[in-house]
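All remarks here apply to the structure that follows.
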Amino acid sequence: MAKHSPVTGRYVTLEVDGREYKVFYLQNGTGTPLVCQHTAGCHNHQWRGLLEDGEITKNYNVIAYDLPRHGKSDPPHNREWWKEEYKLTADHFCNFVVAFCDALNLKAPIFMGSSFGGNVALQLALRRPSRFKAVIPVEAAAYSPGFYLDWWRHPSANAAQVCASGVWDLMAPQSPDMDRWLTWFYYTQGSEAFKGDLYFYSVDHDLRNELQNIDGRRCPVVMMTGTYDYLTPPAESENTARQIPGGVYIEMNDIGHFPMSENYPVFRIYLNEALRIIRERTSR
Amino acid sequence: MKGELKAWAGKFEALTNGDETIAAMSKYYTCTFIYDMEQARILVEMHDGKVKRIDTNPGPMEPCDFALHASAATWREFAKPVPKPMFHGIWAAMFRQDLKVAGNHLALMRNLRNFTVQFELLRKCGVPV
């Protein structure tokens with residue numbers, strides 16, 4: 001008897017800023033859509049624990065896509081993309097997320113992303129608060145400089161290993177070896193996109209003067225950051241949340257920058273609290 | 001102190017040479033680096049994933065590819081079985097603590113997987129400062 005997971009994968013074709021993308025996504029569950037963005041240079045397997053969490057999927061329709069150029073989502077099919085340097089911008093990233101939610105006809109989804117996905121969650125709360133029920137920026141901050149580095153694709157080094165081991169310290173030493181090495185493995189697969197993703201993360205994303213314009217009452221913002229995250233340390237996330245009217249900050253102990261992937265049993269404790277807060281704030 | 005350094009070097013060498021994760025991808029892990037712990041300087045020469053030489057008293061002009069400089073207090077945190085946040089790796093400590101990496105960064109990047117695994121062996125053998 002085959003041992004199938006309840007998670008299914010599909011492709012959807014959509015257009016964003018004149019680019020045609022065939023996007024791969026994983027899905028499981030029913031109820032409020034919970035749209036999940038992986039971290040830079042990675043893919044949707046980071047959400048494998050959440051996708052198979054029966055307690056959450058009985059009330060939430062969990063959808064984790066591969067951003068174009070990641071995992072099974074190709075670069076645009078209608079452009080000679082190999083003739084231009086990939087540099088993800090805040091505009092394009094936001095437009096993609098909205099186009100994806102529109103393509104799946106998702107009503108009032110919750111958007112959750114980690115790292116650069118957390119930063120785009122903040123951007124969405126600012127730009128498109130009426131499109132989302134709430135956002136959960138994980139390991140995010142108003143500004144996250146310092147990671148747009150040439151080392152991620154230096155011709156004299158093994159880019160796959162540099163990317164994978166370059167983010168190793170972003171995980172907590174307490175996280176299980178198996179999950180840390182799986183995360184490492186995922187990172188060996190995304191090196192070609194990593195630097196371009198980080199253009200958004202460390203250069204184009206800067207909301208330091210915009211946080212007060214995010215309406216956390218209209219679109220609740222629940223930020224969560226792990227204590228072992230050196231890129232966006234807890235103080236940075238807390239400081240960001242404090243400046244957002246109605247913003248909430250949850251500190252996650254003994255976990256790092258890839259919480260859903262490096263230690264899901266710990267992450268889900270905090271995620272359940274974030275979802276409880278969102279239910280409370282959106283049921284009034 | 002000299003005897004302690006020698007004993008530590010022997011322990012670190014045995015841990016490195018017996019590490020299965022390094023052994024799984026050991027070919028070409030060849031480089032020379034210095035751990036500068038403020039109160040001790042350790043030169044480690046690696047060849048194809050095995051320790052070729054550990055010098056616990058290298059001269060000031062001893063050639064190496066790169067060197068890690070940090071205070072003794074930082075090195076002691078590195079070597080705890082479960083280090084505190086921001087002392088849990090070289091990247092964390094470069095971004096948030098006093099660790100500086102000097103020399104040929106390319107040599108570090110070329111060997112980053114195994115160097116990182118080996119660095120974490122300090123959590124098992126401690127540091128001699």
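These values consider heavy atoms only, across backbone and side chains, with no hydrogens, waters or symmetry-generated copies. Quick note on labels: first sequence line is chain A, next is B, and so on, each numbered from 1. These numbers were taken from a predicted model, which means no experiment stands behind them.
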- line: Heavy atoms of B/M86 and A/Y228 approach each other most closely as CE-C, 4.2 Å
- prompt: Which atom names give the shortest non-hydrogen contact between A/G166 and B/L112, and what distance separates them?
  reply: N-CD2, 3.5 Å
field: Parallel, tilted or perpendicular: ring planes of B/W91 versus A/F147, cut at 30 and 60 degrees
entry: perpendicular
More than 12 heavy atoms of other residues, nucleotides or ligands under 6.0 Å from [atom1] of [X]: is that the case?
| X | atom1 | result |
| --- | --- | --- |
| A/Q212 | CD | yes |
| A/Y143 | OH | yes |
| A/E192 | CD | no |
| B/D48 | CG | yes |

task: For B/T21 and A/W181, run side chain to side chain contact (heavy atoms under 4.5 Å, CB included): C-alpha distance rounded to whole Å, both residues' side-chain angles, the deciding distance at 0.1 Å, then the answer.
output: CA-CA 11 Å; B/T21 310; A/W181 278 104; 3.7 Å; yes
message: Quick check for you: to the nearest 0.5 Å, what is the distance between A/T227 atom OG1 and B/H88 atom NE2?
response: 8.5 Å
- prompt: Roughly how far apart are A/D169 CG and B/R96 CZ, rounded to 0.5 Å?
  reply: 13.0 Å
message: Does anything in residues 151-163 of chain A reach chain B? List residues with heavy atoms under 4.5 Å apart, or say none.
response: A/W151, A/W152, A/H154, A/S156, A/A157, A/Q161, A/V162
Go through the atoms of [X] and report whether side chain, backbone, both or neither lie under 4.5 Å from a heavy atom of chain A.
| X | answer |
| --- | --- |
| B/I90 | both |
| B/P83 | both |
| B/R113 | both |

Throw together a table of side-chain donor-acceptor distances under 3.5 angstrom for residues 247-256 of chain A, partners on residues two or more places apart or in other chains.
unit_1: A/Y249; atom_1: OH; unit_2: A/E251; atom_2: OE1; d: 3.0
unit_1: A/D254; atom_1: OD1; unit_2: A/Q174; atom_2: NE2; d: 3.4

